[in-house]
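Worksheet for the structure shown next.
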2 protein chains.
Amino acid sequence: MDIEQFRKAGYQAIDRICDYYYSLHERPVIAQVKPGYLRRALPSSAPEKGEDFQHVADDYQRLILPGLTHWQHPSFFAYFPTACTFEGLLADLYSSSTCNPGFNWLSSPACTELEAVMMDWAAQLLGLSSAFFNSSGIGGGVIMTTASDSALTAVVAARSLYLRRHPETRHEDLVIYTTSQTHSLGAKAGLVLGLSTRALEVTADDNFGLRGETLRHAFLEDKKDGKKPFVLIATVGTTSSGAIDYLPEIEVVVRDHPSLWVHIDAAWAGMSFSCPEYREMGYLDSINNFAHSFCTNFHKWGLTNFDASSLWIRDRKSLTDALDSTPEYLRTKQGDEGTVIDYRNWHLGLGRRFRSLKIWFVFRSFGVQGIQKYIRRTIELNNKFASMIRSSSQFALVTPPSYALSVFRLEPKGIEQSNVESLNNLNRLFYERISARSDILLTRTELNGIFCIRFAVGAARTDETHIQRAFDLLCTEAESAIRTFENV
Amino acid sequence: MDIEQFRKAGYQAIDRICDYYYSLHERPVIAQVKPGYLRRALPSSAPEKGEDFQHVADDYQRLILPGLTHWQHPSFFAYFPTACTFEGLLADLYSSSTCNPGFNWLSSPACTELEAVMMDWAAQLLGLSSAFFNSSGIGGGVIMTTASDSALTAVVAARSLYLRRHPETRHEDLVIYTTSQTHSLGAKAGLVLGLSTRALEVTADDNFGLRGETLRHAFLEDKKDGKKPFVLIATVGTTSSGAIDYLPEIEVVVRDHPSLWVHIDAAWAGMSFSCPEYREMGYLDSINNFAHSFCTNFHKWGLTNFDASSLWIRDRKSLTDALDSTPEYLRTKQGDEGTVIDYRNWHLGLGRRFRSLKIWFVFRSFGVQGIQKYIRRTIELNNKFASMIRSSSQFALVTPPSYALSVFRLEPKGIEQSNVESLNNLNRLFYERISARSDILLTRTELNGIFCIRFAVGAARTDETHIQRAFDLLCTEAESAIRTFENV
């Protein structure tokens with residue numbers, strides 16, 4: 001394809017993306033395809049000769065689009081949103097066009113420098129302490145792929161620091177602390193690193209947040225057994241229910257355990273800190289006081305296209321001490337002089353995409369106020385949904401609404417409420433009915449044995465009408481589920 | 001930005017990318033900026049209010065483009081190429097526009113299914129055994145971010161398998177085997193996982209490839225000391241010099257060590273297997289016979305935009321046994337039934353970009369023959385360069401040319417050849433002169449104490465004229481360097 005052919009195909013792509021967004025609300029939220037649909041539709045091997053690009057572009061429309069689940073659909077309430085924007089999309093287009101693996105400063109200065117500045121802008125947006133700014137020269141921020149990547153990197157830095165301080169430690173004594181509500185990224189870090197993970201219990205009474213006392217007790221218990229707790233992954237806004245660990249209490253406990261690294265996973269909820277009124281709820285002061293590392297994903301609730309997970313660290317040396325390996329073929333004058341950041345020593349991989357560009361485009365186009373407006377609007381929409389649930393006689397919230405997430409279930413009058421399994425079965429039936437629909441998407445979870453349904457607001461195009469329609473539709477399916485349940 | 005504003009900004013982006021490619025050959029290959037240039041040019045925090053997008057787009061041209069190193073420049077001969085194409089770029093554009101983190105089948109069936117099929121097309125292109133095909137149901141392929149990511153994942157799977165078979169093993173006894181020429185991804189996997197790495201010695205006489213005898217000897221030595229070698233990272237085409245480990249010899253040695261996992265890192269050179277005449281040179285038969293995992297990067301020499309590293313594995317269960325953690329909120333009907341691949345259990349992270357789309361676009365547009373033609377052309381261009389070096393009286397190849405890479409240095413008549421340090425100093429001076437130029441980019445390396453210069457061909461726009469110009473320019477700089485050197 002020469003440059004003029006690219007211009008033609010590029011215009012067409014832009015036009016088709018416009019068509020996609022004009023028609024998005026009419027599409028099924030979830031792909032209406034069966035496992036194996038695409039393998040059956042495609043030849044079993046690559047073509048021998050190249051084909052006209054128009055065929056390829058048309059096949060994208062014909063074969064791929066119907067197989068996508070539309071995360072930008074205004075009735076997408078599943079998982080957490082990945083709110084993408086045209087501004088982020090355009091940045092990704094520019095970034096792909098110059099295609100470089102910016103692993104050190106020299107391999108593309110703009111990539112490194114923009115990332116360093118954007119992470120400082122973002123830290124200010126969220127109200128993070130200046131200790132986390134790149135401009136501090138001590139702490140700093142870096143863009144990772146996902147929150148799992150950020151957490152894994154933090155755990156590696158924590159382990160490396162702990163072992164430097166306590167070189168006699170046996171590998172099998174090291175323990176990663178999480179709670180039973182921590183995202184699976186905690187368990188996965190344990191699997192990847194071959195380390196023990198202890199998931200501390202949390203209760204419904206505490207809204208599934210970790211208490212200081214639980215942590216203190218576990219420390220005593222484990223240390224008595226010769227175990228070495230070296231990192232705690234605490235969460236602000238768990239995936240299941242938006243739970244928030246009690247960071248001020250944890251801060252007090254941790255004072256007695258100076259070798260413990262605290263990583264804060266606020267993958268989703270961290271963006272709420274952009275609005276000052278939500279800083280207390282997520283314990284931003286504690287984070288600023290004592291967290292060693294903090295993660296939030298711009299690609300979740302930050303209007304930025306996937307992937308863009310941001311990780312801040314109080315001491316960048318703990319990353320580079322753990323991860324720096326510089327062979328001759330990667331040495332550069334600027335790196336040797338120490339005048340630049342070589343981000344490859346801040347993460348597990350080597351090459352990296354130019355992700356800061358989309359954060360820059362979003363910041364410039366929306367401004368701090370535009371981002372705040374979006375966050376506030378999605379929380380308000382969820383509050384609307386939560387009050388509809390509250391005032392209904394069929395439904396009940398399982399936990400208080402958290403930011404833009406509600407966790408609820410069917411608890412209809414006339415059905416024995418004390419029989420947990422029976423109610424769970426009803427709710428499974430209800431969820432099956434919702435899942436069979438193509439015009440809305442919600443996901444399920446379980447909280448200490450209770451089967452629940454999650455409703456997460458955040459797609460950039462969701463407005464009040466979609467919330468109302470979602471609620472109406474849930475009422476209809478609830479009635480059918482209850483009828484079926486009563487007839488069984 | 002609404003849909004029509006996006007159309008306008010999108011057309012403009014396409015036009016500007018066209019301008020970029022029309023002017024690419026006139027730009028400096030390497031950014032002409034000083035450390036800190038961008039921080040000085042940008043405000044210290046994000047704007048309060050959103051700005052007109054035109055300002056943002058214009059600032060990209062004004063501030064970012066001059067700070068990029070142009071990896072697609074026809075005179076870019078540094079590192080390894082990242083040959084990107086318009087077809088890959090368009091695929092990335094479509095993929096960003098629907099923005100989803102496809103971590104399981106349900107979250108976007110097309111993403112999972114296209115990846116599974118593309119990895120089978122790619123395996124056939126390269127002549128990999130059908131044991132590695134996803135259609136085998138046992139082995140399979142997955143797209144990772146980088147070769148470091150692929151290698152780290154393979155090492156995690158290897159360690160997990162070894163420990164299941166030998167549960168009494170002490171962590172500190174586990175050893176990752178590499179050679180002194182293995183990419184830093186080997187050392188980094190050791191750092192990340194907190195495992196010992198042993199870099200085996202290789203010699204210039206063996207063109208820096210690992211011999212079977214060296215491996216056998218190391219095994220005996222280490223096992224005698226109670227060490228547990230559990231994985232070998234062997235390389236086809238090292239970064240320094242394109243060295244190839246002697247896989248048929250290694251195959252024989254490994255027969256006596258059935259617990260050893262062999263990962264083949266062919267990040268760059270693996271694409272050569274698309275041409276049948278290069279399969280013997282890279283020992284494809286051995287790889288098919290005995291490798292547990294194999295990696296090559298489509299984003300290096302495969303015409304596909306960064307990032308797209310492909311990892312094949314002989315037994316997918318070794319990945320999922322090591323990495324599967326499925327909390328309730330990630331469970332799906334299709335996943336529970338086992339009828340689909342949930343790729344999140346094949347790698348370290350959770351969310352993942354829709355990378356297979358660009359591989360599909362490239363396959364369809366170029367065809368097998370188009371990819372072969374590109375590979376053959378770049379090797380031929382490098383052969384041209386190598387013969388110019390050979391016939392020159394100033395230069396010498398340090399190792400035989402490997403695929404599309406030449407490693408050479410100055411060895412002018414009249415300068416004492418036996419004094420290694422003196423020649424190294426001359427070459428450092430020479431390399432400094434080359435590095436100071438903006439119209440070409442090469443990188444350096446060191447081979448057993450010898451300072452050398454790498455010349456890697458592969459940018460999609462490089463042709464014979466660029467090779468000739470590069471050689472002429474090297475001759476000019478060589479003369480100046482020799483003059484300076486003699487006058488010191």
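Protein chains get the first letters and strands the later ones, always in sequence-line order, with residue 1 at the start of each.
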Taking the side chain as every heavy atom from C-beta outward, state whether B/W121 and A/P47 have any pair of such atoms under 4.5 Å apart. yes
Note, B/I30 side chain near A/L106 side chain (heavy atom, < 4.5 Å): yes
Residue part contacting chain A, namely of [X], when any heavy atom lies under 4.5 Å:
X	answer
B/V117	both
B/A322	backbone
B/K34	backbone
B/Q61	side chain
B/Y21	both
B/S44	backbone
B/S107	both

So, B/R353 and A/D92, do they make that salt bridge, N to O below 4.0 Å? yes
Are any of the side-chain nitrogens in A/R352 or B/D307 under 4.0 Å away from the carboxylate oxygens of its partner? no
In terms of side-chain heavy atoms, does B/Y11 have a donor or acceptor partner in A/D15 at a distance below 3.5 Å? yes
Using atom types as modelled and distance alone, determine if a side-chain donor or acceptor of B/S97 lies under 3.5 Å from a backbone N or O of A/I17. no
Validation row, ring centre B/F53 to ring centre A/F86 under 6.0 Å: no
